[in-house]
Amino acid sequence: MSERGTTTTDEQETRAGKFGAYGGQYVPEVLMPAVEELADAYERYVLANEDGFVDDFRARIREFGGRPTPLSRAENLSERYGFDVYLKREDLLHGGAHKLNNALGQVLLAKYMGKERIVAETGAGQHGTATAMACAYLDMPCEIYMGRTDVNRQRPNVFRMRIHDAEVNPVDVGSGTLKEAINETMRDWATNVEDTHYVIGSVVGPHPFPAMVRDFQSVISEEVREQSREKLGELPEAVVACAGGGSNTMGAFAAFAGSASLPGAPEGTHDPAPDVDLLAVEAGGSSLGVDESEGYAPNSASLSTGSEGVLHGARTKLLQTEEGQIVESHSVSAGLDYAGVGPELAHLVDEGRVTPVNVDDDAALEAFHRLSREEGIIPALESSHAIAYLEEYEGDGPVVVNVSGRGDKDLDTVIEESTARDLDAAPSMEVFEE
Amino acid sequence: MTRSEIRAAFEDGPALVSYVAAGDPSVEASKEYVEALVDGGSDVIELGLPFSEPVAEGTTIQNAIKRALNAGMTPDAYLDLVRDLDVDVPVVCMTYYNLIYQYGESEARSASENASGDEPRASGGPEEFVAAAAEAGISGFVVPDLPVDESGPMYEACREHGLDLIFIVAPTTTPERLERMLDRTTGFVYVQGRLGTTAPATRSARTRPRPSNACRTPTSRRPSASASRRASRPARSSPAARTASSSGARTSTSSPRAWRTTCPRRTSPTASNRSPRS
Ligand SMILES: Cc1ncc(COP(=O)(O)O)c(C=O)c1O
């Protein structure tokens with residue numbers, strides 16, 4: 001087709017924010033000045049450490065967040081698989097998930113930019129909780145949008161957000177999950193754009209969000225590289241992370257994938273490491289593919305099965321009908337239940353640098369129980385997907401798995417789903433039944 | 001380049017532009033609404049092609065879009081409806097970029113035909129839909145999630161087929177951005193009168209409504225919000241427009257886009273004639 005790949009001069013000049021053919025800034029005009037202002041602030045404060053912003057961020061994520069998180073050898077899993085398994089413990093970050101790296105970074109940036117109000121979407125409630133915590137800590141008013149389905153399946157996080165004094169606005173449209181929550185947050189932002197910053201929760205959205213969120217999350221892989229040097233004496237053979245929007249994924253991959261480093265990164269942590277396999281584990285849900293007539297995909301595997309399109313400000317890989325309507329995705333894990341994925345991940349997959357794989361709901365639930373029983377760590381259902389992939393992994397190790405969060409928020413879902421599926425791995429909860 | 005029909009609609013001063021979500025509640029009803037709006041005095045029809053993620057819309061149009069999608073509206077059915085319309089005013093297609101991008105032989109098509117995921121063909125682009133829309137009788141496009149910065153391929157396709165690409169000038173738009181839009185504007189520009197979405201006052205900005213930064217600059221070829229507010233006035237006395245409005249159609253009085261006016265292209269030799277004040 002003749003237009004493809006043709007860009008006019010001004011588009012070529014703004015190639016920043018493009019990852020190959022992906023990325024860009026597909027947002028309503030009303031938001032464009034805010035997006036440009038943010039891109040400028042990103043370049044100055046984050047990339048150039050103006051006013052010592054990144055130093056401030058690093059100090060706070062250490063003091064408030066509890067970084068660095070450990071890289072722990074999983075003794076029993078290593079024995080089970082016959083290769084060394086290391087867990088990157090983002091579940092131990094304050095709030096219980098990697099989400100705080102980004103939320104704290106962005107709320108702090110909003111402060112530096114003179115913004116007076118924060119809005120955010122949330123799926124699993126982890127990003128909403130992290131944002132609410134960061135806002136309480138940095139004294140910013142905060143409103144969170146959350147799909148109704150997610151409100152119901154992630155109740156503990158709704159309470160946590162409220163306790164941090166954030167407003168929580170349930171979104172009733174569509175399937176009431178992350179996609180609808182993002183739509184509604186974009187609408188709020190478009191209405192209040194002059195004093196409000198939108199803390200997007202993953203490496204999605206218009207430039208500069210995908211790059212900026214990756215940079216805040218890159219502290220994960222920065223630490224993994226340092227810790228590998230100490231504990232493994234070498235780089236891992238592979239890094240495995242679950243992928244919803246892909247922020248823990250890009251955070252765990254950034255230093256290995258050759259992304260530019262955040263100012264202040266220790267020497268050598270972003271040197272090229274082409275031999276380290278990067279595996280993005282998507283939610284296979286109950287099965288792969290898209291049901292065109294129902295506008296439904298029983299999975300959230302946009303990297304494995306999606307196609308190129310434009311959603312939420314970026315060109316990326318999507319679950320969509322052949323006409324381009326976005327379909328409702330599914331995953332037992334709320335945080336992975338999204339029809340899109342970060343544009344940089346889509347690009348890295350096309351380049352062959354990142355390998356997309358997927359595990360289904362059952363395998364994730366089993367992995368949840370396995371890690372809980374064998375290692376004494378209750379993982380988030382999102383992270384359980386990454387852990388489940390170890391069952392299929394064929395290399396010799398060592399393998400680093402990013403445990404992106406802890407699973408306390410998922411207990412209701414896990415008990416219900418394990419019982420409904422009659423999972424062998426699940427402990428009996430009979431004691432508690434009336 | 002052919003003379004813009006849309007621009008012609010503004011030739012005698014303010015024009016009334018009315019919105020209908022195509023297929024809400026049915027294709028037949030949309031045809032009736034559009035024809036009634038034109039009988040009632042609409043100078044331009046903006047026919048929404050429903051997209052599943054209408055981020056720029058408030059609840060009224062979100063609901064209209066949902067009803068239309070549930071009733072089976074598709075891009076092909078939309079083009080059939082356009083072909084079928086018996087109106088003598090320009091019809092503008094308002095939709096989101098992904099639908100335009102996927103039309104025809106897209107990657108989404110090949111991927112969904114082959115969910116096992118053999119190497120998908122790189123594909124997609126606005127050319128096919130713009131061509132089909134031109135053939136069906138569409139005069140121009142409004143694409144809320146396609147800012148001027150990303151509009152290169154769409155602009156080229158529209159130019160090739162003689163269609164207008166209409167940009168939205170927001171209250172936040174800077175003079176510099178307005179310049180870039182005017183460089184690519186052929187029909188008219190929207191002047192969005194207040195921050196937010198198209199919902200009629202369901203969500204009001206916490207800051208006071210005000211006209212665009214950029215458009216406040218007092219030069220003769222720039223639009224002014226007060227003049228364009230006058231432009232929307234006839235709708236209030238149009239029974240056809242009101243009837244349609246209560247069935248999910250939107251006239252310019254009920255949306256922030258009410259404040260719209262001509263914003264002639266900078267190169268236009270007749271620019272000063274079309275000052276909305278005349
Ligand atoms: C613990 C945890 N892991 C992973 C994710 C998925 O997000 P991302 O793919 O952006 O890391 C979430 C999202 O809510 C989460 O809470």
Side-chain angles (χ1 to χ4, degrees), chain A residues 1-11 14 21 24-36 117 173-174 179-180 182-184 186-188 190-196 288-290 292 295 304-313 315 318 320-328, chain B residues 51-56 58 62 66 69 74-75 96-99 101-103 106-113 115-117 120 122-128 144-150 152-153 155-157 167-174 177 180-181 192 195-197 203-207:
Chain A
M1 211 175 298
S2 64
E3 67 72 33
R4 195 151 319 117
T6 60
T7 44
T8 52
T9 326
D10 45 342
E11 267 113 8
T14 53
Q25 296 180 312
Y26 296 85
V27 293
E29 172 62 23
V30 67
L31 292 177
M32 277 306 299
V35 161
E36 288 178 342
R117 174 175 175 264
V173 205
K179 176 164 72 68
E180 289 76 27
I182 295 178
N183 290 347
E184 205 52 27
M186 284 179 81
R187 293 184 185 112
D188 180 307
T191 309
N192 300 299
V193 61
E194 287 168 307
D195 66 350
T196 298
L288 293 182
V290 167
E292 286 275 338
S304 316
T305 69
S307 55
E308 191 196 329
V310 174
L311 177 67
H312 293 147
R315 185 183 292 195
L318 304 174
Q320 57 187 332
T321 67
E322 61 176 35
E323 279 152 8
Q325 305 289 3
I326 311 306
V327 302
E328 301 297 345
Chain B
F51 177 52
S52 57
E53 316 304 318
V55 292
Q62 281 180 51
K66 196 157 74 183
L69 288 174
T74 64
Y96 290 77
Y97 194 50
N98 199 48
L99 294 187
Y101 190 80
Q102 301 301 341
Y103 190 78
S106 71
E107 194 201 348
R109 220 155 264 241
S110 48
S112 65
E113 275 155 19
S116 64
S123 183
E127 159 67 25
E128 284 195 55
D145 63 343
L146 192 70
V148 65
D149 317 62
E150 300 286 356
Y155 175 71
E156 294 301 329
F167 293 103
I168 297 170
V169 179
T172 47
T173 298
T174 56
R177 294 190 56 77
R180 289 165 64 194
M181 277 183 235
Q192 178 182 334
L195 296 174
T197 62
R203 181 211 297 288
S204 54
R206 287 155 50 260
T207 46

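Numbered from 1 within each chain, the chains take letters A, B, ... in sequence-line order.
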Heavy-atom pair count under 4.5 Å with chain B, highest-scoring of [options]:
options	result
A:Asn183, A:Ile326, A:Leu31	A:Ile326
A:Leu311, A:Val30, A:Val193	A:Val30
A:Ala34, A:Gly295, A:Pro28	A:Pro28

For B:Phe51, ring-ring contact (aromatic ring centres under 6.0 Å, His included) partners two or more places apart:
B:Tyr96

Taking A:Arg315's backbone N and O only, do any of them form a donor-acceptor pair with A:Glu308's side chain (distance below 3.5 Å, no angle check)?
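No, because the side chain of A:Glu308 does not come within donor-acceptor range (under 3.5 Å) of the backbone of A:Arg315.
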
Please determine, by modelled atom types, if B:Thr172 and A:Glu194 share a side-chain donor-acceptor pair under 3.5 angstrom.
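The answer is no; no qualifying pair exists.
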
If the condition is salt bridge (charged side-chain N to carboxylate O under 4.0 Å, His left out), which residues does A:Glu180 pass it with, not counting sequence neighbours?
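Salt bridge (charged side-chain N to carboxylate O under 4.0 Å, His left out) list for A:Glu180, sorted by chain: empty.
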
Measure A:Ile182 against the heavy atoms of chain B and call it side chain, backbone, both or neither at under 4.5 Å.
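It is neither, since no heavy atom gets under 4.5 Å.
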
